[in-house]
Amino acid sequence: MPIDPDVALAAELDPIEFSWSSSDVQLYHLGLGAGADPMDPRELRYLIDDTPQVLPTFGNVAATFHATKPPSVRFPGIDIELSKVLHASEQVSAPAPLPSSGAAKAVTRFTDIWDKGKAAVIWSETTVTAPDGTLLWTQRRSIFARGEGGFGGKRGPSTSAAAPDRAPDLELDIPVLPQQALLYRLCGDRNPLHSDPEFAAAAGFPRPILHGLCTYGMTCKALVDALLDADVAAVASYGARFTGVAYPGETLQAAVWKEDGRLLASVVAPARNDAVVLTDVELVPA
């Protein structure tokens, strides 16, 4: 079904009410590789019972954390086969650290739909509030839908981005476990692209790829651990643009730049000489 931007942009999606526990938060952190050194007190901050500190990226998955079926991309004016969809970008901002347990309501709307000719880029924004109406966090996301362009919409601005034109201040290795995608899928993303070799092959990949949001969360954790003393409260917002894919079993490498009030990182898979993601951390003012 062709995309109808007028219908999609005018749609009012039903609010989603959800809750989460400290066990969910701990499982999420384990899915990102937390606890690799179980004697490191900084690692244990992510994994203690009842009140673990929460990476802000948990907000990007909290509403769907208990999903056990593959996601669908079917909304008013939008109906796309899952195998055609790639994650393009993700961002989360929060006025305060996320609570380790709670309940919330998420309201999503589509904000932009761009016609790139052979593909479409669909942007959405989700506002998450506590039962008393307090803003907990805001998400912004874009997906790249192959073969879904040509509907006559606006092309939209260029979304290209580049790392600073100077040597990085720090380089970090981010190892990806061979079973990382199988573990991370327990965090609510059962897309077979990350677990089924035949599905991945049909989508054009030699083997299942790592979830973009797993790479996203792992990079956030690596930056927080290496540069912010594992203190999630120092992060005001975190965003990333996905430029390639990562595979379970690889070791990724992040080049990190310290800018005024922010951290920028370019993550690559050096074994394939392939860029994977470009991230931007906005820090809480000192």
Side-chain angles (χ1 to χ4, degrees), residues 1-16 60-61 63-64 67-92 106-127 138-161 181 184-185 187-216 239-247 274-279:
M1 173 179 136
I3 293 174
D4 189 330
D6 292 335
V7 172
L9 294 173
E12 294 186 7
L13 304 186
D14 292 334
I16 297 175
N60 297 103
V61 303
T64 57
T68 57
K69 295 181 179 180
S72 65
V73 191
R74 292 183 175 87
F75 304 99
I78 300 172
D79 189 350
I80 304 170
E81 291 182 22
L82 188 58
S83 61
K84 295 182 177 181
V85 174
L86 291 175
H87 209 149
S89 70
E90 189 82 15
Q91 192 265 350
V92 61
V107 177
T108 299
R109 63 187 183 91
F110 296 105
T111 58
D112 290 291
I113 300 178
W114 299 339
D115 186 345
K116 298 296 186 180
K118 294 183 178 180
V121 177
I122 301 171
W123 287 86
S124 62
E125 184 175 89
T126 301
T127 301
T138 303
Q139 302 163 233
R140 186 162 166 79
R141 169 179 297 178
S142 66
I143 60 172
F144 185 85
R146 296 175 294 178
E148 296 296 328
F151 52 84
K154 296 180 180 179
R155 184 170 180 83
S158 171
T159 58
S160 60
Y184 185 82
R185 70 194 297 268
C187 298
D189 188 342
R190 304 300 178 96
N191 187 338
L193 181 63
H194 309 295
S195 59
D196 185 336
E198 292 185 1
F199 188 94
F205 298 100
R207 59 188 188 276
I209 65 175
L210 188 65
H211 304 70
L213 282 182
C214 186
T215 308
Y216 169 85
R241 178 168 294 122
F242 302 103
T243 56
V245 300
Y247 291 95
D274 188 28
V276 175
V277 66
L278 184 66
T279 70

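Not measured: the values here are computed from a predicted model.
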Is any side-chain N of the basic residue among [X] and [Y] closer than 4.0 Å to the acidic one's carboxylate O?
X      : Y      : answer
Arg155 : Asp115 : no
Asp112 : Arg140 : yes
Glu125 : Arg109 : yes

Is there a side-chain contact between [X] and [Y] (heavy atoms, below 4.5 Å)?
X      : Y      : answer
Arg146 : Lys118 : no
Leu82  : Pro70  : yes
Pro206 : Tyr247 : yes
Val73  : Ile143 : yes
Asn191 : Pro71  : yes
His194 : Leu210 : no
Phe110 : Trp123 : no
Phe242 : Val276 : no

Are any side-chain N or O atoms of [X] and backbone N or O atoms of [Y], one a donor and one an acceptor, separated by less than 3.5 Å?
X      : Y      : answer
His211 : Tyr184 : no
Ser142 : Ser89  : yes
Arg190 : Arg185 : yes

Which atom of [X] lies closest to which atom of [Y], heavy atoms considered:
X      : Y      : value
Ile209 : Ala181 : O-CB, 4.2 Å
Val107 : Pro15  : CG2-CB, 4.2 Å
Ala120 : Phe151 : CB-CE2, 3.8 Å
Cys187 : Val61  : O-CB, 4.3 Å
Ile80  : Glu148 : CG2-CG, 4.0 Å

If we check side-chain contact (heavy atoms from CB on, under 4.5 Å) with Ile113, which of these qualifies: Leu9, Asp6, Asp4?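 So, applying the side-chain contact (heavy atoms from CB on, under 4.5 Å) to Ile113 and each of Leu9, Asp6, Asp4, only Leu9 qualifies.
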
